[in-house]
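Working notes, structure below.
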Amino acid sequence: MRVLSLMKYLDVVALAKKEIASRTNYCNKHITYRKRCDVWESGNQINLWTYWQGYQLEDIDKNGVDILLVGQDWGDPEKDKKACVRIKRIQDGDRNAFYLDDNSPTDKTLIEMFKVLGCDITKRNPGKRLFFTNYSLGYRDGKETGGMTKKLMSMDSELFDELVNAIHPKIIICLGKLTYEMVSGTVTRDFIKHLQEGNPFIAPYPKQPEIRVYGVAHCGARGLSNIGVVEKMIATWRRIAEDGLC
């Protein structure tokens with residue numbers, strides 16, 4: 001088993017920037033990640049999604065986080081220029097800037113899910129200590145969805161382990177089957193059927209078993225369509241709330 005370092009959060013960010021910049025084969029048959037993502041490189045966070053929740057926690061090394069939310073990966077930043085403009089404003093210290101896109105159906109669904117956990121993620125201080133990141137840290141070039149494999153995601157597995165070790169979340173919530181399997185180290189069966197019954201998948205985090213990992217549906221249109229109705233999605237998050245770990 002690989003021994004984790006004792007890096008602080010910003011050390012993990014620096015390591016991610018160094019490692020990703022040195023990669024020559026960050027792709028598969030269907031996905032190619034950009035060699036550079038200027039808006040990410042100009043900041044000091046592990047992922048652009050962290051500018052929604054996480055970047056605010058200046059004491060993260062000391063006090064950790066309550067909930068680590070993990071998505072799969074980011075789309076093409078060139079196709080989401082408005083988000084990049086908002087993120088750049090945050091990086092430049094604009095106190096009025098905020099990540100959220102009021103027009104995104106995915107974001108709206110995620111807002112409703114976090115309400116079940118007592119959090120208002122439309123605010124800079126949502127009520128709990130939250131941290132958002134994607135497992136795969138690359139930024140796509142062109143095609144924004146589909147084609148993901150565990151082999152490609154595994155290129156960032158050590159960086160993810162270092163991140164968890166640095167920010168030590170109480171729980172981890174994973175969006176989607178592939179993300180959950182990567183984080184939990186498990187293989188699932190009947191993923192959609194299980195979620196349709198209102199049950200998240202649950203496993204200990206392999207390297208720190210005291211951290212519980214939950215698998216839920218992605219909050220995008222495809223994930224919602226798979227589950228059927230938003231009430232079933234809410235039921236899985238309510239189960240997480242009932243566990244009371246965060």
Heavy-atom side-chain proximity of [X] to [Y] below 4.5 angstrom:
| X | Y | answer |
| --- | --- | --- |
| Ile192 | Lys177 | no |
| Ile20 | Arg23 | yes |
| Leu68 | Tyr205 | no |
| Ile202 | Arg239 | yes |
| Tyr9 | Leu163 | yes |
| Phe201 | Thr186 | no |
| Val187 | Glu181 | yes |
| Leu69 | Leu110 | yes |

(request) Starting from the C-alpha separation in whole Å, work towards a yes-or-no answer on side-chain contact (heavy atoms from CB on, under 4.5 Å) for Leu245 and Lys170. (result) CA-CA 7 Å; Leu245 299 179; Lys170 294 178 182 177; 5.6 Å; no
(message) Under a 4.0 Å threshold between the charged nitrogen and the carboxylate oxygen, would Arg129 count as salt-bridged to Asp59?
(response)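 Salt bridge present between Asp59 and Arg129.
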List the atom of [X], the atom of [Y], and the distance in Å for their closest heavy-atom pair.
| X | Y | answer |
| --- | --- | --- |
| Arg34 | Arg140 | NE-O, 3.5 Å |
| Pro206 | Ser184 | CG-O, 3.3 Å |
| Ile211 | Pro169 | CG1-O, 3.4 Å |
| Asn28 | Leu152 | ND2-CD2, 3.7 Å |
| Asn134 | Gln72 | OD1-N, 3.4 Å |
| Tyr55 | Trp52 | CE2-O, 4.4 Å |

(request) Determine whether more than 12 heavy atoms belonging to other residues, nucleotides or ligands lie under 6.0 Å from atom NZ of Lys62. (result)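 No, because the 6.0 Å sphere around NZ of Lys62 holds 12 heavy atoms or fewer from other groups.
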(request) Count the heavy atoms belonging to other residues, nucleotides or ligands that lie under 6.0 Å from CD of Glu210, then report whether that count exceeds 12. (result)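 Enclosed: over 12 neighbouring heavy atoms sit under 6.0 Å from CD of Glu210.
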(message) Going by side-chain contact (heavy atoms from CB on, under 4.5 Å), name the residues that satisfy it together with Lys79, two or more places apart in sequence or in a different chain.
(response)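 Counting only residues at least two positions away or on another chain, Lys79 forms a side-chain contact (heavy atoms from CB on, under 4.5 Å) with Asp76, Glu144.
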(request) Kindly work out whether a path of hydrophobic side-chain contacts (I/L/V/M/F/W/Y, heavy atoms less than 4.5 Å apart) joins Val85 to Ile90. (result)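 No.
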(message) Please determine whether residues Met7 and Leu10 belong to a single hydrophobic cluster, defined as Ile, Leu, Val, Met, Phe, Trp and Tyr linked transitively by side-chain heavy-atom distances below 4.5 Å.
(response)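 Yes, it is one cluster - the side chains of Met7 and Leu10 are joined through contacts under 4.5 Å.
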(message) Pair Met155, Leu137 - check side-chain contact (heavy atoms from CB on, under 4.5 Å), show working.
(response) CA-CA 9 Å; Met155 293 185 71; Leu137 297 177; over 6 Å; no
(message) Taking Phe132's backbone N and O only, do any of them form a donor-acceptor pair with Thr50's side chain (distance below 3.5 Å, no angle check)?
(response)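 A pair under 3.5 Å: yes.
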(request) Please name all residues satisfying ring pair (Phe, Tyr, Trp, His ring centres under 6.0 Å) with Tyr214, sequence neighbours left out, ordered by chain then number. (result)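 Partners of Tyr214 under the ring pair (Phe, Tyr, Trp, His ring centres under 6.0 Å) test: none.
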(request) Could you give me the CA-CA distance, side-chain angles and deciding distance for Met153 and Lys150, then say whether side-chain contact (heavy atoms from CB on, under 4.5 Å) is met? (result) CA-CA 5 Å; Met153 292 182 77; Lys150 287 185 178 180; 5.5 Å; no
(message) We want to know whether Tyr139 and Asn47 form a side-chain donor-acceptor pair, criterion being a heavy-atom distance below 3.5 angstrom.
(response)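 Looking only at side-chain atoms, Asn47 and Tyr139 do form a donor-acceptor pair, the distance falling under 3.5 Å.
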(request) Can you spot which of Tyr26, Trp74, Trp40 makes a ring-ring contact (aromatic ring centres under 6.0 Å, His included) with Tyr33? (result)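 The residue from Tyr26, Trp74, Trp40 that satisfies ring-ring contact (aromatic ring centres under 6.0 Å, His included) with Tyr33 turns out to be Tyr26.
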(request) Using ring-ring contact (aromatic ring centres under 6.0 Å, His included) as the criterion, point out the one residue from Phe160, Trp49, Tyr180 that pairs with Tyr135. (result)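 Exactly one candidate clears the test, Phe160.
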(request) Give me the one residue out of Ile67, Val116, Leu117 that meets side-chain contact (heavy atoms from CB on, under 4.5 Å) with Ile240. (result)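 Result: among Ile67, Val116, Leu117, Leu117 is the only option passing the side-chain contact (heavy atoms from CB on, under 4.5 Å) with Ile240.
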Would you list the atom pairs, donor with acceptor, under 3.5 Å between side chains in residues 215-234 and any protein atom, with sequence neighbours excluded?
from   : atom 1 : to     : atom 2 : distance (Å)
His218 : ND1    : Gly220 : N      : 2.8
Asn226 : ND2    : Arg222 : O      : 3.3

(message) Quick check on the 6.0 Å ring-centre criterion: do Tyr51 and Tyr99 meet it?
(response)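 No, they do not, as the ring centres are separated by 6.0 Å or more.
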(request) Check the pair Glu19 / Leu159 against side-chain contact (heavy atoms from CB on, under 4.5 Å), numbers first and verdict last. (result) CA-CA 9 Å; Glu19 287 199 2; Leu159 290 171; 3.9 Å; yes
